Each structure stands twice: as structure tokens, then as C-alpha cells.
Q: 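Have a look at the structure that comes next, please.
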2 protein chains.
Amino acid sequence: MKTKSTTELNDTIYKVEQICKSNKLGLTQIRRQVFEIIVKNNKPVKAYEILDEISNINDKSSHPPTVYRAIDFLIENGFVHKLNSINSYVGCFHPKANKECYFLICKKCNIYQECCDDSLKDRISKTAVHHNFVISNTTLEIEGHCLDCNQK
Amino acid sequence: MKTKSTTELNDTIYKVEQICKSNKLGLTQIRRQVFEIIVKNNKPVKAYEILDEISNINDKSSHPPTVYRAIDFLIENGFVHKLNSINSYVGCFHPKANKECYFLICKKCNIYQECCDDSLKDRISKTAVHHNFVISNTTLEIEGHCLDCNQK
DNA sequence: ATAATATATGTTATGTTATAACATTGCAAC
DNA sequence: GTTGCAATGTTATAACATAACATATATTAT
């Protein structure tokens, strides 16, 4: 699975900054730090891993609520997604473009890919309609093995 | 959302008993109790709720591993599914028929429905193929509101 | 029947993930 | 400059889950 380039990472961070600016969302230092930790990791990150990194960066120990609050902010605004199946967080590489994101998670190398194609989205929404159900939030996480790991 | 009838519940329990018998799976007392608690609740159940009920039934306090081990057995054999988005467990009403199950979960009344249609399954598997990905496990949980709750 | 083995359960302790509740700070608007 | 609000700090604890080892129960081979 292809990892993200530095350019992609910086673009993503820049994009989020712009969105926050134009929407008057307070991208405070901590929120920014948490976001950077998540996107730069390039793999799903755990809340307590973020907590450790934040503590290191700022040279003083932080507490869980600090991190969870930042994560909440980032999720609310579509900059980060939670992978429920592995209690981890990942950056969104097309913030605001998709409300819903679907993921492929490689169990071996732990790298993930977003797979938000419309046909899948359509299929899910048709399923909901068929059951008279109004969607507020969808979790689709496909675990397995990516091409690289499968060939090894 | 329609709840399950007593007949359906009993059928499900009976079916699981038969599957265990013919596959030489030890459906021990605790495993059976945990399964019954899950299916009879008719809504997603939390591990510690099960723990309480088990303790009541058996008139002595049980410990978390007892419940989690039973859950593991039931999940491994396809009798129960975990809803990762809400850390809860639900019974499967067509055990063994589907390896993967997809769910609609009403945030208001907390009732859930399975929605394992083939077209959805196909779409997901096509998505995986398209990304050169081999699926081992899929989590699809659609949260929102069911017809009844929406009309209120 | 009995020993050997495997399977399941009991028990204690602890690890991991997440939030409640309240105090404090920083900053903008009046 | 004080009121109000958003964000953060801090303490404590809730909620979810497993490791590790002891004991019991079932299965099987002899």
C-alpha cells in the first residue's frame, strides 16, 4: 500500500488550516499538534499514543481529556476519523469533501486506505432507504491484507 | 422497527443448539446463558450488562473473563456479532448463513436490524478487489433513526 | 477404571480506552 | 475593567477488556 508523501501531508495540513480560517474554527496549538501527529503517523494512531507524543513535544505531561477534546474537535469538523474496530484515529485526506469515509485496514502493515467511492455510498444509502432508515453516521471498516502484504 | 417474536427467539436458540450438536461445539451452560441473554434482549447488549445478568441468574458474582470468553466463543462460531461503534453485542438470527453481517442501529430506540443483502456484500467485495485488498473481516454499522422513531 | 490430555472455568490483578466534574486561563465585546 | 465565553488544566473515576495462573470438568487412550 502506498504511503503518503510529505507533500501530501503538508497539503492536507494546509487545507485544514484554510478551512478553519474561513469557517472561524479555532485551530488552537493543541488541536493542531494532535492533527499533525495523526496525519504524519500515516497509520491509525491510538489516543494514548497521541497523549505521549503531545507530552514529549510540550515537555510536560498532558492528561487524557486534553487529547480527547482535540480529537472530538477534529472529528466534528471532518478532519479526522475514528476507526471503531481498532480504537484508533486517522487523518482525512479530503476534509469536508466526504461526510462519510470508508476504510480498508491492513492487519499486517497497519496502513489504511480510504475507499469512499460513490457506488459504495449509493449502495449503502439504498440499503438504508429499503429499511426505512435515516442515516446519521456510517462505519465501514474492511480489515484484511493489502496487496504488498499478501504477496510476502 | 419490528422486534423479534418469542417464536423467533426460541427458533434461533434451537438452531444454535443444533449447530453446536452437529459440529461438536461445547455449548456449555455459561455460553448458553450468555447467548440467551444477548438474543432475548432484542437490542445491543454490553458485556458488563451480561455480567450482571449472569451473576443474578447464577446467584453468585461472576468475573469479566467469564463473560468475555463466552462472547468470544459465540462470535467465533457466528452466533453473535460485536457492534464496534457502540461496544455492544447482538445475536445473529441466521447463524452460519452469513459470515459477514451488516447492521442498522437506531440511536433513539436502540433497536437494530441486520441488513446483509447480497448487493451490498458484492459492492463491498468489488471495492476491496479494486484496491487489491483481501478481506478477512468487515464492519458495517449504519447509525441513524428507524421509521418509527423518525415519525415521532 | 485410571492416567493423561485437552477444554473450560474460576480468580486476582491489571491494562486500555474514555469521560465527568469542576477549576483556571485567555481573550473578545461591551 | 468586568462580563461572558471558549479552551485548557486537573483530579478522579467510569467503562471496556485481557493476562496469567489455578482449578475443575470432560474426553480419550491404555
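Predicted model, so just to flag it, every value in this text is computed and none were measured. Reminder, nothing fancy here: chain letters follow the sequence lines and each chain counts from 1.
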Q: Go along nucleotides 11-24 of chain C 5' to 3' and tag each nucleotide: B for a protein heavy atom under 4.0 Å from its base, S when only backbone or sugar atoms are that close, - otherwise.
A: BB----BBBBB---

Q: Just wondering, do Leu140(B) and Ile124(A) contact through their side chains at under 4.5 Å, heavy atoms?
A: yes

Q: When the distance from CD of Gln29(B) to P of dT9(C) is rounded to whole Å, what number comes out?
A: 9 Å

Q: Can you tell me how far apart NE2 (His145(B)) and CD1 (Ile135(A)) are? Round to the nearest 0.5 Å.
A: 12.5 Å

Q: Can you tell if the side chain of Thr139(A) reaches within under 4.5 Å of the side chain of Asn84(B), non-hydrogen atoms only?
A: no

Q: Ile30(B) has an atom CD1; how far is it from atom P of dA26(D), in whole Å?
A: 12 Å

Q: Please state whether the phosphate of dA6(D), meaning OP1 or OP2, lies under 4.0 angstrom from any side-chain nitrogen or oxygen of Thr28(A).
A: no

Q: Could you check how far CD1 of Ile75(B) sits from C1' of dC16(D), rounded to whole Å?
A: 13 Å

Q: May I have the distance from Lys24(B) (atom NZ) to dA26(D) (atom P), rounded to whole angstrom?
A: 17 Å

Q: For Ile71(A) and dT8(D), what is the distance between atoms CD1 and C1' respectively, to the nearest whole Å?
A: 15 Å

Q: Which atom pair, heavy atoms only, marks the closest approach of Ala47(A) to Ile71(A)?
A: CB-CD1, 4.2 Å

Q: dG9(D) P sits how many Å from Asn58(A) CG, rounded?
A: 8 Å

Q: Is there a donor-acceptor contact under 3.5 Å from the side chain of Ser88(B) to the main chain of Leu83(B)?
A: no

Q: Quick one: which residue pairs count as a side-chain hydrogen bond (donor to acceptor under 3.5 Å, both in side chains) with a foot in residues 46-59 of chain A, not counting sequence neighbours?
A: Gln33(A)-Asn58(A), Asn41(A)-Glu53(A)

Q: Round to a whole Å and report the spacing from CG of Leu74(B) to P of dT9(C).
A: 11 Å

